[in-house]
Amino acid sequence: MLNNTQIRECLDAMAEMFPDAEGELVHSNPFELVIAVLLSAQCTDKLVNKVTADLFQKYKTPEDYLAVPLEEVENDIRSIGLYRSKAKNIQKLCRTLIDNYNGEVPKTKDELVKLAGVGRKTANVVASVAFNEPSIAVDTHVERVSKRLGICRWKDSVVEVENTLMRKVPRDEWSVTHHRMIFFGRYHCKARNPNCPECPLLYLCREGKKRMKKIEV
DNA sequence: CTCCCGATAT
DNA sequence: ATATCAGGAG
């Protein structure tokens, strides 16, 4: 397990590698962001952006998604994958926004997680990006990077990873750290082929050292 | 825990 | 061919 100094070194290295890291889901308001993040489950940001380019032209409001049959929404997001549950969740979410929130996206995480298709990770992203509430959304990249480096334990749940990060990272760095960890995981510490040989954190990374030994033998 | 699921990289 | 992708619901 890394100590506080080592974790600080991780944050600094990531800041140097990805100083401008930020969310890559294209959106122009909180409602579009919720839809985009909901769609992004088990799918790349790039593909989500390709689909939402047309989707957000066609559907501007919660009412718009409810004005067409479920099958039409399914068809409009089909290429994303998991499209049946996502389409159903979108319409259900829109119904809730209209019935309970005057058609607006609620701002607190407690309210956000109650929306269909919105779990802890999506709620954290929306709260952070749309409403400037400090958050660390633990997605596949944040989880993998935290575990490889040794910031948390391999068996930790995503909630435990999130709690550990919130404890170890200063609150005013939560949102940038979250985005830098995603970039670090997406472009450098990749799931399949992590770039350990060129990693500035190799000297403290337990998984990296293990992998480098394998390569040499 | 399983299921949902198409696109893309390797 | 198969692992992986800004996960969430049942």
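Computed over heavy atoms, backbone and side chain alike; hydrogens, waters and symmetry mates excluded. Lettering follows sequence order; numbering is per chain, from 1. Please read all numbers here as calculations on a predicted model, not as lab measurements.
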Can you tell me, in whole Å, how much space there is between the [atom1] of [N] and that of [M]?
{"N": "B:dC3", "M": "C:dA6", "atom1": "P", "result": "24 Å"}
{"N": "B:dC5", "M": "C:dT2", "atom1": "C1'", "result": "15 Å"}
{"N": "B:dT2", "M": "C:dA3", "atom1": "P", "result": "15 Å"}

Quiz item: Is it true that atom NZ of A:Lys92 has more than 12 heavy atoms of other residues, nucleotides or ligands lying nearer than 6.0 Å?
Solution: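 No, not enclosed.
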
Quiz item: Should we say atom CZ of A:Arg153 is surrounded by more than 12 heavy atoms from elsewhere, each under 6.0 Å from it?
Solution: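 No, the 6.0 Å shell around CZ holds no more than 12 heavy atoms from other groups.
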
Find the distance [X]:[atom1] to [N]:[atom2] and express it as a whole number of Å.
{"X": "A:Asn193", "N": "B:dT8", "atom1": "CG", "atom2": "C1'", "answer": "16 Å"}
{"X": "A:Glu74", "N": "B:dG6", "atom1": "CD", "atom2": "P", "answer": "12 Å"}
{"X": "A:Asn75", "N": "B:dG6", "atom1": "CG", "atom2": "P", "answer": "12 Å"}
{"X": "A:Tyr83", "N": "B:dC3", "atom1": "OH", "atom2": "P", "answer": "17 Å"}
{"X": "A:Ile80", "N": "B:dC5", "atom1": "CD1", "atom2": "C1'", "answer": "11 Å"}

Practice problem: With sequence neighbours excluded, tell me which residues meet side chain to side chain contact (heavy atoms under 4.5 Å, CB included) with A:Ser28. | Solution: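 In terms of side chain to side chain contact (heavy atoms under 4.5 Å, CB included), with neighbours along the sequence ignored, A:Ser28 is linked to A:Glu32.
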
Quiz item: Are A:His178 and A:Ile182 close enough that some pair of their side-chain heavy atoms sits under 4.5 Å apart?
Solution: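 Yes; the side chains approach each other to less than 4.5 Å.
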
Quiz item: Is it true that A:Arg180 and A:Glu173 make a salt bridge, defined as a side-chain N closer than 4.0 Å to a carboxylate O?
Solution: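 Not counted as a salt bridge, because no side-chain N and carboxylate O are separated by less than 4.0 Å.
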
Quiz item: Which residue pairs pass the ring-ring contact (aromatic ring centres under 6.0 Å, His included) test when at least one of the two sits in residues 98-145 of chain A, sequence neighbours left out?
Solution: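 Non-adjacent pairs meeting ring-ring contact (aromatic ring centres under 6.0 Å, His included): zero.
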
Exercise. Summarise protein proximity over nucleotides 5-10 of chain C in one line of letters, 5' to 3': B for base, S for sugar-phosphate only, - for none, counting protein heavy atoms closer than 4.0 Å.
Key: BBBSS-

Quiz item: When all nucleic acid strands are considered with a 4.0 Å heavy-atom cut-off, which category describes A:Lys88: base, sugar-phosphate, or nothing?
Solution: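 No contact at all - A:Lys88 keeps every heavy atom at 4.0 Å or more from the nucleic acid.
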
Exercise. Under 4.0 Å between any heavy atoms, over every strand shown, what does A:Arg192 touch: base, sugar-phosphate, or nothing? Just pick one.
Key: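 Base contact.
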
